Q: 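Got a structure for you, questions after.
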Amino acid sequence: MSMNILSSTFEMGAHPATSLLIGGLLAAILRGRYASVVLILAPLFGLLHVHGLEVGGISTMNLFGYEVVGASVDQQAKVFGYLFHIAALVAGIYSFHLRDTWQVSMALFYAATAVGVAFAGDMLSLFLWWEGLAITSVFQIWGQKTKTAEDAGFRYLFFHVSSGLLLLFGILLRYHSEGSTALSLDSLTGALESGDTGAMVILLAIGIKAAFPGLHVWLKDGYAEATPTGPVWLCAFTTKCAVCMLARLFPGAEILITVGGVMAMFPIFYAVIENDLRRVLCYSKINQIGFMVVGIGVGTELAIDGAIAHAFTHVIYKGLLFMSMGAVLFRTGEIRGSHLGGLYKSMPWTTGFCIIGAASISAFPLFSGFVSKSIIITETARNGHSLVWLCLLFASAGVFHHAGIKIPFFAFFAHDSGLRPKEAPINMLLAMGISSFLCVFLGCNPQWLYDLLPNGAMGYHPYDATHVITQLEILLFSALAFTLLNLWGKYPPELPSVNLDVDWIYRKLGRGFLGLGAIFWNGTNNLAHGLLVSGLTAKVCIFAKSAQVNSAEFFCNLLKVFGVSGSLGAKNDQIMKRRVRLGIYPIGLTALFILLIILSFLFAFATKRVLN
């Protein structure tokens, strides 16, 4: 074992996250407009650095005798490296007007931790970056500076810190059984399907960040309470890091097909009745992650490529939709569909960009969502998962229904709310314009994206007659259903309301647990207080308060037992007590006490000599 406490080896040069880390430090120091400039320059330099990385490069660190692989470059890591830097650049432009030092600097640190996860070389480095994701991202929620956002931020932290602790627990379980080989980032699919507890715990840890069903409430809770710019950052990194790790650690895990199918289905019903448009986007985000999880569960090389490609396109078009809703919130202070409408008259550019994002998430041909989602759907059918394939078709219609139509319709059209806000600031429009260009560019030039994928998309061609006609049929019938339901007055109206999700169960159980805990612990505390504080301790304190008087009275009573009467030379007990309080004792008694003390010391000394 090496005696070096800390040493490093960089075969690949600086770590891919270095530019973003330095940018975060500079943003904290420079502040103001200079920090905003760093918000744009740091991702640009980082993007150039990732482009120059060669596949196969690694960096290691010797920490207390253990070799930690801080970064390892393969094609999957490079794809996510490109994606995270592009997302940070667009989000940085969108957030250029911010002057909150914490939000700006932590946003760059957040992007850096995401890059760290993508390039993590072993389980130890993964854990460190994984926990960094939780700590740095929460400031995009707390930056709203409301009591609701503060509470949502703490709930968000609870889930994500728990994810990190579970990841560490799973790593330790596997290390205990497998030794140092358990620290490598090799596939755990075999271990999972053979019942390995450590692999199950690691999957659960990743599942929290991926918003698996039942573990998803942190997403719609936190993102919807964040700042107008916060969800643009949040939607790009946390869940995509989870997708990245699922693709690396659990490719072909059968359970992911079922989990992904459920994820793609259940958010549709919540999104249709949700009034808060950012929460609608949160539910549609879970729906889209479900497609990626299914692709990873199918496990073929093309399916894995499809999941990674869909993660790439999803960050761009979902970020665009969050940017359009953030601009609406920024200008109007309102995000409820029941209170919006008619904004296309004063925010035409934002309306147009939102429609492009809606077309992309709906997977219209010639838009980015189509060239990635179709891979997953095709591979699901090709590998015999017919029921899940039908679920994905239904989910495709549903996402067009609640995100492709509902978001732009209720925000910018529908009834006229009377609001006439100014158009979004120029930096927001520029960021939305870049994302819109990428949505169209990737939709029209899919090979550019496919060439980046680990397996090059295996020669897949999205624009054949079957794919295009099937998708158009789904979209047109979904649009027809929305139109008819609105005309017949059957579509759920946008009403000021709060919809209950599974977090209602968490909160009820949590309050019940706290109530039982309060009864038990407060009862135990009251009992202990009665016995010790009010009982024994109180009596000891009363005795000690007049200890000299009580001791003298005890001594007198003891003498009386042996036939010696008197009150230590006083006429009566009352005079004795008054003299003792003043420290006045008879000389003979004092001499007797001194003699007894001397005899005690002599006896102890003599006993010690005899024993030795």
Side-chain angles (χ1 to χ4, degrees), residues 72 74 76-77 117 120-124 126-127 130 162-216 239-266 286 289-308 310-311 375-392 454-455 458:
S72 177
D74 61 10
Q76 177 178 316
V117 169
D122 62 13
M123 287 289 188
L124 294 179
L126 172 63
F127 167 72
W130 198 258
S162 299
S163 171
L165 294 176
L166 285 171
L167 178 63
L168 179 61
F169 181 52
I171 293 170
L172 292 176
L173 285 176
R174 286 192 49 75
Y175 184 80
H176 178 72
S177 61
E178 302 289 335
S180 59
T181 58
L183 299 180
S184 64
L185 282 178
D186 296 328
S187 173
L188 298 179
T189 302
L192 176 70
E193 295 181 346
S194 65
D196 183 82
T197 305
M200 294 179 184
V201 174
I202 292 172
L203 178 61
L204 177 61
I206 299 173
I208 292 175
K209 273 187 165 43
F212 279 6
L215 305 173
H216 66 278
T239 53
K240 300 313 171 295
C241 285
V243 170
C244 178
M245 284 301 107
L246 286 175
R248 192 175 294 282
L249 296 177
F250 297 100
E254 288 283 336
I255 190 173
L256 294 182
I257 300 175
T258 303
V259 171
V262 175
M263 288 179 72
M265 291 280 289
F266 87 87
I286 299 168
I289 297 169
F291 280 84
M292 304 171 208
V293 173
V294 168
I296 295 168
V298 171
T300 64
E301 291 182 342
L302 182 55
I304 297 293
D305 275 3
I308 295 172
H310 201 49
I375 301 178
I376 299 170
I377 295 175
T378 300
E379 279 299 284
T380 303
R382 184 180 294 168
N383 285 273
H385 304 287
S386 301
L387 179 60
V388 177
W389 173 71
L390 290 173
C391 290
L392 295 184
N455 304 297
M458 308 289 291

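Here the structure is a predicted model, which means the values were calculated and not measured. Every heavy atom of this structure was used, including side-chain atoms; hydrogens, water molecules and symmetry mates were not. One-based numbering along the sequence shown.
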Q: Supply the atom-to-atom distance Q76 CD to N455 CG, rounded to the nearest 0.5 angstrom.
A: 10.0 Å
Q: Tell me which pairs pass salt bridge (charged side-chain N to carboxylate O under 4.0 Å, His left out) where either residue lies in residues 289-302, with sequence neighbours left out.
A: none
Q: When you measure from the side chain of D122 to the backbone of L183, do you find a donor-acceptor pair of N or O atoms at a distance under 3.5 Å?
A: no
Q: Does anything in residues 289-299 form a salt bridge (charged side-chain N to carboxylate O under 4.0 Å, His left out)? List the pairs, not counting sequence neighbours.
A: none
Q: Once rounded to the nearest 0.5 Å, what's the spacing between atom CD1 of I257 and atom NE2 of H385?
A: 3.5 Å
Q: Could you tell me if the side chain of C244 sits less than 4.5 Å from the side chain of V117, heavy atoms only?
A: no
Q: Tell me the salt bridge (charged side-chain N to carboxylate O under 4.0 Å, His left out) pairs involving residues 376-385, sequence neighbours left out?
A: E379-R382
Q: Give every donor-acceptor pair under 3.5 Å between a side-chain atom in residues 190-201 and any protein atom, sequence neighbours left out.
A:
| unit_1 | atom_1 | unit_2 | atom_2 | d |
| --- | --- | --- | --- | --- |
| E193 | OE2 | E254 | N | 3.4 |
| S194 | OG | G190 | O | 3.1 |
| S194 | OG | A191 | O | 2.9 |
| D196 | OD2 | R174 | NH1 | 3.3 |
| D196 | OD2 | G198 | N | 3.1 |
| D196 | OD2 | A199 | N | 2.8 |

Q: Under the side-chain contact (heavy atoms from CB on, under 4.5 Å) test, which residues partner I208, sequence neighbours left out?
A: F159, S163, L166, L215, W218
Q: Enter the distance from F127:CZ to L165:CG here, rounded to the nearest 0.5 Å.
A: 6.5 Å
Q: Could you pull out the closest heavy-atom pair between G121 and S72, with the gap in Å?
A: CA-CB, 3.9 Å
Q: Work out which heavy atom in A211 is nearest to a heavy atom in I286; give both atom names and the distance.
A: O-CG2, 4.0 Å
Q: Mind checking what makes side-chain hydrogen bond (donor to acceptor under 3.5 Å, both in side chains) contact with T378, not counting sequence neighbours?
A: H467
Q: Answer whether the closest heavy-atom distance between the side chains of M123 and Y175 falls below 4.5 Å.
A: no
Q: In Å and rounded to the nearest 0.5 Å, what is the CD1 to CG distance from I376 to D305?
A: 10.5 Å
Q: Are the side chains of F212 and L204 in contact, using a 4.5 Å heavy-atom criterion?
A: no
Q: Measure the CE-CZ distance between M245 and F250 for me, rounded to the nearest 0.5 Å.
A: 11.0 Å
Q: What's the separation between atom CD1 in I375 and atom CD1 in I308, rounded to the nearest 0.5 Å?
A: 10.5 Å
Q: Which residues satisfy the side-chain contact (heavy atoms from CB on, under 4.5 Å) test with I296, sequence neighbours excluded?
A: V243, L246, A247, L256, I304, A307
Q: My understanding is that only residues two or more places apart in sequence, or in another chain, count here; which of them pass side-chain hydrogen bond (donor to acceptor under 3.5 Å, both in side chains) with T239?
A: K285
Q: Could you list the residues that satisfy ring-ring contact (aromatic ring centres under 6.0 Å, His included) with F266, not counting sequence neighbours?
A: H216
Q: Taking the side chain as everything from C-beta on, heavy atoms only, tell me whether F291 gets closer than 4.5 Å to I377.
A: yes
Q: Specify the closest pair of heavy atoms between W130 and A205, including all atoms of both residues, with the distance to one decimal.
A: CZ2-O, 4.0 Å
Q: Please name all residues satisfying salt bridge (Lys or Arg N to Asp or Glu O under 4.0 Å) with D74, sequence neighbours left out, ordered by chain then number.
A: R248
Q: Are there more than 12 heavy atoms of other residues, nucleotides or ligands under 6.0 Å from atom CD1 of I255?
A: no
